[in-house]
Amino acid sequence: GRRIADALPRAPVGSELAFRLELETRLADLGTKDPEEVRKGIFEMYRGTTDPDRRKALVLVTAQRAAAADQEFVLYEFSNSWVSWLKRESSERRYAEALYRSVVVERAYAKLAAGNLPDARGNFWGATLQTDDLESHAAFIEAAIAEGRATVRQDYEKRFKDRPDDPVWSFAQAYFLARDLPAEQDAAAFASAADQALAHLDRTDAGMPNAWPASLLRGFVEHQRWLRTGSADAAANALNRYLLAIDLGRDNPRALATLHFQAARLQAGIGNDAAALRHLAARERLPFASPEAELSFGMLRASCQFRLDRDR
């Protein structure tokens, strides 16, 4: 710390060296000074330069150091400040959104795991305001419904009333329809809801072709159609969508956990236990969110292994 403080006055004004030394000086206060003051100072540095390389370096170094120092407040507030300050058309926006998602969405899931539904819902809601992350929209809907909010669908209708063609709104409409499919008893109503959900997802795919949550949701709808009708085409469509989503969500462990388990359930259902076990092996390498999830995994694996041993 003292060595950096001594070197800073001797660094050429405006130089790369001076910038890095000033950043190190401010980061040295992590854990010793008021977190809000630390965040404010670092963000003033960010706003004070227009050099994209300096800004990117500042953000990455700040995120790494705040995480290493367990300074959740600075990490959260800085990511929030950064994404809020940038316009959506900014070239830096995608980096800001990526950091925001990695911080805020993970924080929301941690709150959810701890049983803190109001805070989890609030964090997911914040993520839907700052980004078009479909995972956050789905998680917000589930958290709000679990919390007992009966007007979630109507809230989305109001939010998107002036943007009827927004692919996010199409995803939300498909999600509301899809989550009710397992409980729908009327065959005609089921078929209509499934068709409507897939039509909404067509619009989402057109606007967001690489979004894994949309492929997962389409796979779920087709999976439900197969369970209800036994359609081989529906099973094939579901499996294809699960596999596409696995590829698109390959950097998201939470996505992969869900997708491999769903693919395993489908493969086991159509009698392909060997393929189901391959998906379950991939699923086992990922964390389990709850004892119930681990129990469901174990039961499915045991049934697949039993059938394979029986049929040999």
Side-chain angles (χ1 to χ4, degrees), residues 35 39 59-60 62-68 70-86 88 90 92-147 149 152 155-156 159-160 166-169 171-172 174-176 178-179 204 207-208 210-217 220 245-262 283 286-290 293:
R39 181 209 64 82
V59 169
L60 292 175
T62 299
Q64 291 168 355
R65 296 281 285 279
D70 199 26
Q71 291 293 304
E72 182 187 4
F73 174 84
V74 174
L75 187 58
Y76 174 77
E77 292 296 330
F78 185 78
S79 63
N80 188 45
S81 298
W82 189 28
V83 77
S84 299
W85 188 67
L86 290 171
R88 283 190 176 264
S90 169
E92 297 173 70
R93 177 77 187 199
R94 64 190 182 99
Y95 300 113
E97 288 189 4
L99 176 63
Y100 185 87
R101 284 195 301 271
S102 69
V103 173
V104 176
V105 175
E106 290 308 314
R107 181 175 181 167
Y109 276 112
K111 297 287 186 183
L112 193 63
N116 189 341
L117 275 174
D119 281 1
R121 175 187 50 77
N123 285 152
F124 286 130
W125 175 248
T128 71
L129 294 177
Q130 295 290 5
T131 76
D132 290 332
D133 181 46
L134 298 183
E135 180 186 7
S136 296
H137 279 278
F140 167 75
I141 290 169
E142 290 299 326
I145 291 174
E147 199 180 6
R149 292 177 173 253
V152 185
D155 293 341
Y156 266 81
R159 177 174 175 178
F160 288 96
D166 192 314
V168 174
W169 171 225
F171 175 82
Y175 192 88
F176 285 122
R179 74 184 308 277
T204 300
M208 306 174 74
N210 296 321
W212 67 261
S215 285
L216 167 58
L217 188 58
F220 175 82
I246 287 171
D247 183 54
L248 294 173
R250 58 189 175 274
D251 296 324
N252 186 323
R254 191 165 35 250
L256 292 177
T258 298
L259 286 159
H260 280 298
F261 187 69
Q262 289 297 101
R283 171 65 188 91
L286 299 163
F288 289 93
S290 67

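Throughout, numbering of the chain's residues begins at 1 and tracks the sequence. Values below: every heavy atom of this structure, side chains too, minus hydrogens, waters and symmetry copies.
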Of all heavy-atom pairs between Val105 and Ala127, which one has the smallest distance, and what is that distance? CG2-CB, 3.9 Å

Scanning both residues in full, the closest heavy-atom pair of Arg159 with Thr128 reads NH2-O, 2.8 Å

Between side-chain atoms of residues 115-124 and protein atoms elsewhere (two or more places apart, or another chain), which donor-acceptor pairs fall under 3.5 Å?
from   : atom 1 : to     : atom 2 : distance (Å)
Asn116 : OD1    : Asp119 : N      : 3.2
Asn116 : ND2    : Asp119 : OD2    : 3.0
Arg121 : NE     : Glu147 : OE1    : 2.4

Residues Phe220 and Ala178: closest non-hydrogen pair is CE2-O, 3.3 Å

Pairwise distance CD1(Ile246) to OG1(Thr258) - rounded to 0.5 angstrom: 10.5 Å

Closest heavy-atom pair, Val152 versus Ala144, reported as atoms and distance to 0.1 Å, is CG2-CB, 3.6 Å

Using the six-membered ring of Phe288, assess whether NZ or CZ of Arg283 lies under 6.0 Å from its centre and within 45 degrees of the ring axis. yes

Checking Val103, Val83, Val59 against Phe78 for side-chain contact (heavy atoms from CB on, under 4.5 Å), the one that qualifies is Val59

Does anything in residues 70-81 pair up under salt bridge (charged side-chain N to carboxylate O under 4.0 Å, His left out), and if so which pairs, sequence neighbours excluded? Glu72-Arg107

Pair Glu135-Arg254, salt bridge (Lys or Arg N to Asp or Glu O under 4.0 Å): steps then yes or no: CA-CA 10 Å; Glu135 180 186 7; Arg254 191 165 35 250; 2.9 Å; yes

State, yes or no, whether a side-chain contact exists between Leu99 and Tyr95 at a heavy-atom distance under 4.5 Å. no

I want to check a possible cation-pi pair here: Arg149 against Trp125, using under 6.0 Å from ring centre and within 45° of the ring axis as the test. no

Interatomic spacing from OH in Tyr100 to CG in Leu129 - rounded to 0.5 Å: 7.5 Å

About how many Å separate CD of Glu142 and CG of Leu112, when rounded to the nearest 0.5 Å? 10.0 Å

Within the side chain of Ser79, is there an N or O that forms a donor-acceptor pair under 3.5 Å with the backbone of Tyr76? yes

Taking all atoms of both residues into account, what is the closest heavy-atom pair of Ala245 and Ser215, and its distance? CB-CB, 3.7 Å

Picking from Tyr156, Trp169, Tyr175, what satisfies side chain to side chain donor-acceptor pair (under 3.5 Å) with His137? Tyr156

Is the side chain of Thr204 donor-acceptor paired with the backbone N or O of Phe171 at a distance under 3.5 Å, no angle test? yes

Minimal heavy-atom distance between Val168 and Met208, with the atoms involved, is CG2-SD, 4.1 Å

Which residue in the set Arg88, Arg93, Arg101 passes side-chain contact (heavy atoms from CB on, under 4.5 Å) when paired with Gln130? Arg93

Working to the nearest 0.5 angstrom, can you tell me the gap between Glu97 CD and Asp133 CG? 9.0 Å

